[in-house]
Amino acid sequence: MYETIKQEAMAAAREICQAAKLRRGQILVVGCSTSEVTGHKVGSDSSPAIGQAIYEGIQAVLAPQGIYLAAQCCVHLNRAIILEAEAAGNQEICNVVPQPKAGGSFATAAYHGFQHPVALEEVRADAGLDIGGTLIGMHLKKVAVPVRLEQKRVGQAIVLAARVRPKYIGGERAGYDENLK
């Protein structure tokens, strides 16, 4: 079961990286309810083993490409973000270490898997994966565009994805770069 979940997470990460055209140094925010992955109500059945499998699957895709994972914590930590310190730059960090029941199993796995983890209150990511209805929209850049993935589930959890694009400004007489749409 864990290997299947890991493979499903890898497939979803691969798809969103391609659809969003993510590049080295960009950030993918991921929210994940391990309870939903196992078919339970969000927040009711946190699973460290499932969180670890999903973290490993996503990092197997992101790390070789130099794309940063931003792991969204659960509502008990106000949906804080766990991120590698080098990706956080000069943003103000928070002092919290996620736990399976306060932060979530996925964010906990990310915290322990990162070399130099930090917690932030927010991030403006370049794309996102929502595994199990965790509401990642608050951590995406301003113009989010839904992306339909072929990998529609991880375990029993629904997977939703988004990429971002720059705002269009200037009105009808302006020209736009087709590569940025």
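Remember, predicted model here, so these are calculated numbers, not experimental data.
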Heavy-atom pair of closest approach, residues Thr34 and Ser46
OG1-CA, 3.5 Å
Would Val30 and Ile82 show up in the same hydrophobic cluster when neighbours are defined by side-chain heavy atoms closer than 4.5 Å?
yes
To the nearest 0.5 Å, how far apart are CD1 in Ile16 and CG in Leu160?
10.5 Å
Within the 4.5 Å heavy-atom criterion, are Arg153 and Glu8 side-chain neighbours or not?
no
Identify all side-chain donor-acceptor contacts of residues 58-72 below 3.5 Å with residues at least two apart in sequence or on another chain.
| from | atom 1 | to | atom 2 | distance (Å) |
| --- | --- | --- | --- | --- |
| Gln65 | NE2 | Val61 | O | 3.1 |
| Tyr68 | OH | Glu86 | OE2 | 2.6 |
| Gln72 | NE2 | Thr134 | O | 2.9 |

Taking all non-hydrogen atoms of both residues, which atom of Glu15 and which atom of Glu150 are closest, and how far apart?
OE1-N, 2.7 Å
Donor-acceptor contact below 3.5 Å, side chain Ser35 vs main chain Asp45:
yes
Evaluate the side-chain proximity of Leu129 to Leu149: yes if any heavy-atom separation is below 4.5 Å, no if none is.
yes
What heavy-atom pair brings Pro100 and Thr108 nearest, and what distance separates the two atoms?
N-OG1, 3.4 Å
Is there a donor-acceptor pair under 3.5 Å between the side chain of Gln115 and the backbone N or O of Glu84?
no
Single-linkage hydrophobic cluster Leu22~Val147, side-chain heavy atoms < 4.5 angstrom:
yes
Give me the atom names and distance for the closest heavy-atom approach of Ile50 to Tyr2.
CD1-CE2, 3.7 Å
Just so I know, are the side chains of Leu120 and Ile93 near enough to count as touching, which here means a heavy-atom distance under 4.5 Å?
yes
Which atoms form the tightest heavy-atom contact between Tyr111 and Val97, and what is the distance?
OH-CG2, 3.4 Å
Approximate separation, where rounding is to 0.5 Å, of His139 NE2 and Glu121 CD
9.5 Å
Look at the aromatic rings of Phe114 and Tyr55 and report parallel, tilted or perpendicular, splitting at 30° and 60°.
perpendicular
Hey, quick one: are Ile131 and Ile81 part of the same hydrophobic cluster, counting side-chain heavy atoms closer than 4.5 Å, chains of contacts allowed?
no
If you compare all heavy atoms of Ser33 against all heavy atoms of Gly43, which two are closest, and at what distance to 0.1 Å?
OG-N, 4.2 Å
Sub-4.5 Å side-chain heavy-atom contact between Ile5 and Val154
yes
Exceeds 12 heavy-atom contacts within 6.0 angstrom, atom CD of Glu3:
yes
So how far is it from Gln156 CD to His40 NE2, rounded to the nearest 0.5 Å?
8.5 Å
Spacing of CE belonging to Met1 relative to OG1 belonging to Thr38, to within rounding of 0.5 Å:
7.5 Å
Roughly how far apart are Lys141 NZ and Ile27 CD1, rounded to 0.5 Å?
7.5 Å
Applying the 4.5 Å side-chain criterion to the ILVMFWY set and letting contacts propagate, would Val29 and Val96 be lumped into a single cluster?
no
Taking atom NZ of Lys21 and atom CZ of Arg165, what is their separation to the nearest 0.5 Å?
13.0 Å
Taking a hydrophobic cluster as the set of Ile, Leu, Val, Met, Phe, Trp and Tyr residues connected by side-chain heavy atoms closer than 4.5 Å, whether directly or through intermediates, do Val37 and Val159 fall within one such cluster?
yes
Looking at Leu180, I want to see if its CG is surrounded by more than 12 non-hydrogen atoms of other residues, nucleotides or ligands under 6.0 Å.
yes
